[in-house]
*Asks:* 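One structure, as structure tokens, below. Some questions next.
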Amino acid sequence: MSRQCEICGKKPQFGNNVSHSNNVTKRRWNPNIQRVRALVGGAPKRLRVCTSCIQAGKVLKAV
């Protein structure tokens with residue numbers, strides 16, 4: 001299961017940790033993905049959505 005938002009498609013970004021002595025190791029920034037029961041086509045469905053989409057109101061929560 002990929003760590004990707006089902007609304008906006010946001011995925012992990014990759015880069016480097018750079019130490020004071022300029023040693024470089026790989027790292028990744030993960031999006032904040034939450035499992036949400038949302039209304040899709042009038043029916044509730046479980047989605048994996050990033051918190052920025054939830055806060056922006058792109059998801060209607062099924063209560």
Side-chain angles (χ1 to χ4, degrees):
M1 192 179 296
S2 66
R3 192 170 179 88
Q4 181 175 1
C5 176
E6 294 182 21
I7 303 294
C8 67
K10 189 180 283 189
K11 299 182 200 178
Q13 291 186 323
F14 296 90
N16 290 318
N17 279 326
V18 181
S19 70
H20 184 69
S21 59
N22 213 31
N23 292 335
V24 175
T25 56
K26 297 297 283 184
R27 65 158 293 176
R28 62 190 271 171
W29 287 268
N30 288 322
N32 191 355
I33 302 288
Q34 305 291 321
R35 287 192 69 104
V36 176
R37 284 183 69 234
L39 289 175
V40 178
K45 184 182 174 187
R46 275 199 196 273
L47 297 176
R48 294 168 55 90
V49 183
C50 67
T51 53
S52 55
C53 286
I54 295 171
Q55 187 178 14
K58 295 181 182 179
V59 178
L60 277 175
K61 285 190 175 181
V63 179

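Quick caveat, the model's predicted, so the values are computed rather than measured.
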*Asks:* Partners of A56 by side-chain contact (heavy atoms from CB on, under 4.5 Å), sequence neighbours excluded?
*Replies:* K58
*Asks:* Which other residues belong to the hydrophobic cluster containing V59, where Ile, Leu, Val, Met, Phe, Trp and Tyr are joined when side-chain heavy atoms lie under 4.5 Å apart, directly or via other members?
*Replies:* I7, V36, V40, L47, V49, I54
*Asks:* List the residues meeting side-chain hydrogen bond (donor to acceptor under 3.5 Å, both in side chains) with Q34, not counting sequence neighbours, and say none if there are none.
*Replies:* N32
*Asks:* Please give me the minimum heavy-atom distance between F14 and W29, naming the atom from each residue.
*Replies:* C-CZ3, 3.9 Å
*Asks:* Restricting to non-hydrogen atoms, name the atom on R37 and the atom on R46 that form the minimum distance, rounded to 0.1 Å.
*Replies:* CG-NH1, 3.9 Å
*Asks:* List, by chain and number, the other hydrophobic cluster members for V18, where Ile, Leu, Val, Met, Phe, Trp and Tyr join if side-chain heavy atoms come within less than 4.5 Å, directly or indirectly.
*Replies:* V24
*Asks:* For residues 12-21, which residue pairs qualify under side chain to side chain donor-acceptor pair (under 3.5 Å), counting only residues two or more places apart or in two chains?
*Replies:* S19-S21, S21-N23
*Asks:* When you look at CZ of R27, are more than 12 heavy atoms from neighbouring residues, nucleotides or ligands closer to it than 6.0 Å?
*Replies:* yes
*Asks:* For the NZ atom of K10 and the SG atom of C53, what is their distance to the nearest 0.5 Å?
*Replies:* 7.0 Å
*Asks:* List in chain and number order the residues that pass side-chain hydrogen bond (donor to acceptor under 3.5 Å, both in side chains) with T51, two or more places apart in sequence or in another chain; answer none if no residue qualifies.
*Replies:* none
*Asks:* Tell me the closest heavy-atom pair linking C8 and C50, and the distance in Å.
*Replies:* SG-SG, 3.7 Å
*Asks:* Give me the atom names and distance for the closest heavy-atom approach of R28 to P12.
*Replies:* NH2-CG, 3.0 Å
*Asks:* Drop me the distance from E6's CD to R35's CZ, to the nearest 0.5 angstrom.
*Replies:* 8.0 Å
